There are 2 protein chains.
Amino acid sequence: MSANPPDGDNVAFLLSQLGHCSATVFADLIASLDLTPAHAGILRAIAAEPGRSQQALAEQLGLQPSRLVAFVDELEDRGYVERRRNPDDRRLHALHLTPAGRRITNRIGELARRHDRMMTAGLDARERQTLRELLTKVAEHQGLTPSVHPGYRTLGRRRAKPAG
Amino acid sequence: MSANPPDGDNVAFLLSQLGHCSATVFADLIASLDLTPAHAGILRAIAAEPGRSQQALAEQLGLQPSRLVAFVDELEDRGYVERRRNPDDRRLHALHLTPAGRRITNRIGELARRHDRMMTAGLDARERQTLRELLTKVAEHQGLTPSVHPGYRTLGRRRAKPAG
DNA sequence: TATTGTTATACTCTATAACTATA
DNA sequence: TATAGTTATAGAGTATAACAATA
């Protein structure tokens, strides 16, 4: 019968706190490009594997196809993405980056590296490396897909915000 | 000029991914008590320092007083919280837990410990301890308030969801 | 006049499902 | 009939500010 540990400082709660903090810092950074984190993730996913259909991309990211439409509309209006009809099956729209889309994706990559430096500013090189290894281990154990943010997923009906 | 690191696996992105995952797991756990993470955090804050006004609690958590009203209404309807008017200044409502509120808060604490075990299931005792120290260091450097989830804060106009 | 708590309004986001065009 | 993509509708969540009671 040990005394209860002082609640709010366990690993799970710290992860939730820091995750929110990290997401907010990134959102602020890419707001300077007039983009949201969702746009950034979609651009990155298209860059990683161009030519896929919206359906395939929506499934990888775990979001509703109808939601993806609006994002792609915005990115197309800005000249970052183009839809190319597949002549063999005219229902499919293959997604590709334009030259401007590749430029903005590079800038997002720079901001991602800046973001990483900001979030690890309190650590030395060895600590940073240790943290990265431990987080990677936990992420694998939780079954997270590398490079895909779970925030796209719907997850059912409940919300996931404060305190946890 | 080194090659760009393979983007999505830096510490900042991992924190954002795992933070979302951790928050979702916790939300699922306390949904079994018919509560949301926000309710849990408010109950915990009242338990930690009973008798404060709604205004004071809202400021600590960083949420709008008008939002807190609805949460406290729900917790009062469930019989977990009571508002006590201060006779010296009848504008103030001191917040207290009822006996049922203390019981449910204890159960939340048990779920929080279960949550922590779930999120650290892939690590041995030493790794878990190292991770906790590193996360605490980062959280302090980012200026996070211990035991207070930043999700309550408004933060301005932008959203903070996927990718980052 | 200022402050606590409350209510009301408008706005944003999202989920759902209906629709079209192609197959 | 089934599928890719799109549009429309309704619901939930939130921010803002107006309001009543008390000081």
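Within every chain, numbering begins at 1; the chains are lettered A, B, ... in the order of the sequence lines, protein sequences first and strands thereafter. Remember, predicted model here, so these are calculated numbers, not experimental data. Heavy atoms only: backbone and side chains are in, while hydrogens, waters and symmetry mates are out.
B:Glu82 has its CD atom 15 Å from the P atom of C:dG5, to the nearest Å. Counting to the nearest Å, the P atom of D:dA12 and the CZ atom of B:Phe71 are 15 Å from each other. Per the geometry, CD belonging to B:Gln64 stands 15 Å off P belonging to C:dT6, to the nearest Å. Summarising the geometry, the separation between CD on B:Glu74 and P on C:dT7 is reported as 13 Å, rounded to the nearest angstrom. Atoms CG (B:Asp77) and P (C:dT6) sit 12 Å apart, rounded to a whole Å. Atom CG in A:Leu92 sits about 9 Å away from atom C1' in D:dG5, given to the nearest Å. Taking atom CG of B:Leu68 as the reference point, atom C1' of C:dT4 lies 12 Å away to the nearest angstrom. The separation between B:His93 atom NE2 and C:dT6 atom C1' is 10 Å, rounded to whole Å.
Of the residues in residues 50-60 of chain A, those lying under 4.0 Å from DNA chain D by heavy-atom distance are A:Ser53, A:Gln54, A:Gln55.
In this structure, the side chains of B:Thr24 and A:Pro150 stay at 4.5 Å or more apart for every pair of heavy atoms. A heavy-atom distance below 4.5 Å is found between the side chains of B:Glu140 and B:Thr136. Using a 4.5 Å heavy-atom threshold, the side chains of B:Leu97 and B:Tyr80 count as separate. For the pair A:His115/A:Ser22, a side-chain contact is recorded, criterion being any heavy-atom separation below 4.5 Å from C-beta on.
By the 30° and 60° cut-offs, the orientation of the rings of A:His39 relative to A:Phe71 is perpendicular. Ring pair A:His20/B:His149 is perpendicular by interplanar angle, where above 60° counts as perpendicular and below 30° as parallel.
Checking side-chain atoms of A:Asp116 against main-chain N and O of B:Ala12 turns up a donor-acceptor pair under 3.5 Å. Listed for the A:Arg85 side chain is a donor-acceptor partner under 3.5 Å among the backbone atoms of A:Arg90. Of the possible donor and acceptor atoms, none in the side chain of B:Thr120 sits under 3.5 Å from a partner among the backbone N and O of B:Leu123.
Remark: A:Arg126 does not engage A:Asp124 in a salt bridge, criterion side-chain N to carboxylate O under 4.0 Å.
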What are the atom names and distances for every N/O pair under 3.5 Å that joins the protein to nucleotides 19-23 of chain D?
{"residue": "D:dA23", "atom": "OP1", "partner": "B:Arg90", "partner atom": "N", "Å": "2.8"}

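Between B:Arg67 and D:dG13, a side-chain N or O to OP1/OP2 separation shorter than 4.0 Å is absent.
Geometrically, B:Arg44 engages A:Phe13 in a cation-pi contact defined by less than 6.0 Å to the ring centre and at most 45° from the axis.
Helix-axis bend for the helix from C:dT1-D:dA23 to C:dA23-D:dT1: the local axis fitted to the five terminal pairs at one end deviates from that at the other end by 30°, rounded to 10°.
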